[in-house]
Amino acid sequence: MGGDQQRRRALLLSRPRRGGRCQLRINVARAMKNAEALSLVAQQQGWELVQKGGEIRWVVRKEDLIESLRSIQSGGQWLSHIPGMHEACEKGSLARALEASQAAFWPRSWRITQPEELQAALEFCQSHVVIVKPNRGLQGRGIYLAAKPEELRTALAAESDAVVQEYICRPLLIDGHKWDLRLYALVMPHRQGLRCWLAKEGIARVCAEPYQDTKWIGVRQLAPGETFSCL
């Protein structure tokens with residue numbers, strides 16, 4: 001049996017079947033509030049929710065993930081979380097990974113915890129507008145714009161861990177509004193590489209206010225959802 005087939009067999013054991021479908025057993029003993037959503041999916045897919053055993057352990061809290069890693073059955077169970085994923089998705093770690101892969105879509109970024117990168121950001125800010133994002137921030141809180149080195153220093157005085165990025169002055173708009181997409185994908189080992197499945201549904205978020213071409217004087221903090229163009 002090939003490696004890909006073995007992995008698939010480990011994930012979807014084909015023993016119990018209902019209506020011709022493979023039955024997947026998900027351990028929800030520590031799924032907490034996720035259990036309700038998992039129940040809806042299980043009903044639709046013909047899966048079984050269990051309190052012991054199962055092919056997948058669904059965990060939410062970090063401490064449950066650690067304990068599950070210690071006791072997981074070798075080769076016979078999967079976890080709902082990839083250990084370290086939260087840390088990998090922090091802005092600093094993400095910037096480092098994308099820069100290492102030389103991703104063409106990624107704006108120039110600097111981590112202020114690295115003295116040489118901070119100095120490079122200050123030099124860049126002499127002729128460009130930059131945006132400051134707290135490393136672990138979310139929902140647009142704590143974001144600053146700066147157009148001069150002294151403005152950048154003022155913004156960073158309130159942040160001990162942040163990422164500075166080149167501000168994209170002419171973004172792609174939808175009817176004059178900024179927007180973003182949140183898409184969900186499943187990446188699995190496939191032969192000698194990886195294979196990715198993209199969910200049919202995702203989330204599109206569009207700013208309520210039109211994108212304005214605005215100049216500003218001095219460093220300023222952006223309100224959630226507020227955007228500017230640097231002329």
Side-chain angles (χ1 to χ4, degrees), residues 62 65 78-149 151-153 155-174 177-207 211 219 221-230:
K62 182 178 292 187
L65 173 62
W78 287 48
L79 290 174
S80 59
H81 281 26
I82 298 176
M85 179 56 69
H86 178 75
E87 289 75 13
C89 289
E90 291 178 354
K91 295 179 179 66
S93 301
L94 182 62
R96 185 167 60 250
L98 289 174
E99 288 167 358
S101 66
Q102 299 181 342
F105 65 87
W106 189 247
R108 280 169 282 192
S109 305
W110 303 270
R111 293 161 294 158
I112 67 170
T113 54
Q114 305 297 317
E116 66 280 3
E117 294 190 26
L118 174 58
Q119 182 59 38
L122 290 168
E123 293 175 1
F124 183 82
C125 193
Q126 292 178 358
S127 56
H128 298 81
V129 177
V130 296
I131 185 168
V132 179
K133 303 177 182 179
N135 185 38
R136 299 186 180 183
L138 72 163
Q139 298 180 349
R141 292 192 290 265
I143 292 181
Y144 289 84
L145 288 177
K148 300 176 182 179
E151 295 174 2
L152 178 56
R153 290 188 183 279
L156 296 178
E159 295 293 342
S160 60
D161 187 8
V163 171
V164 179
Q165 288 184 321
E166 175 185 6
Y167 187 68
I168 305 301
C169 299
R170 298 183 180 276
L172 179 64
L173 305 177
I174 294 180
H177 295 254
K178 286 194 73 174
W179 58 281
D180 66 24
L181 293 177
R182 178 171 293 180
L183 302 176
Y184 299 89
L186 172 64
V187 180
M188 296 282 288
H190 180 67
R191 295 176 183 171
Q192 300 302 318
L194 298 174
R195 192 171 184 179
C196 178
W197 287 265
L198 184 64
K200 293 181 179 180
E201 296 183 359
I203 298 175
R205 302 184 297 181
V206 182
C207 288
Y211 185 73
V219 64
Q221 183 175 7
L222 294 184
E226 186 179 12
T227 56
F228 288 93
S229 139
C230 39

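For this chain, numbers begin at 1 and follow the sequence in order.
- Atoms CG and CD, from L152 and Q126 in turn, are 11.0 Å apart once rounded to the nearest 0.5 Å.
- Between F124 and E166, the closest heavy-atom pair is CZ-CG, 3.7 Å.
- Under 3.5 Å, the side chains of Q165 and K133 contain a donor-acceptor pair of N or O atoms.
- Using a 4.5 Å cut-off on side-chain heavy atoms (C-beta onward), L198 and L183 make contact.
- A side-chain donor-acceptor contact under 3.5 Å links E151 to the backbone of A147.
- Between A185 and C196 the shortest heavy-atom distance is CB-SG, 3.7 Å.
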Can you give the donor-acceptor pairs under 3.5 Å from side chains of residues 92-105 to other protein atoms, not counting sequence neighbours?
{"residue": "S93", "atom": "OG", "partner": "E87", "partner atom": "O", "Å": "3.2"}
{"residue": "S101", "atom": "OG", "partner": "A97", "partner atom": "O", "Å": "3.4"}
{"residue": "S101", "atom": "OG", "partner": "L98", "partner atom": "O", "Å": "2.9"}

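- Atom-to-atom distance recorded for I131:CD1 and I168:CD1 is 9.5 Å, nearest 0.5 angstrom.
- Side-chain contact check for L145 versus Y167: some heavy-atom pair is nearer than 4.5 Å.
- Taking CD of E90 as the start and CG of N135 as the end, the distance is 5.0 Å to the nearest 0.5 Å.
- Remark: C207 SG to H177 NE2 distance equals 8.5 Å, nearest 0.5 Å.
- Between the CD atom in E159 and the CD1 atom in I112 there is a gap of 7.0 Å [rounded to 0.5 Å].
- With contacts defined as side-chain heavy-atom distances shorter than 4.5 Å, the pair I203/D180 does not qualify.
- Atom CD1 in I174 sits 5.0 Å away from atom CH2 in W179 (nearest 0.5 Å).
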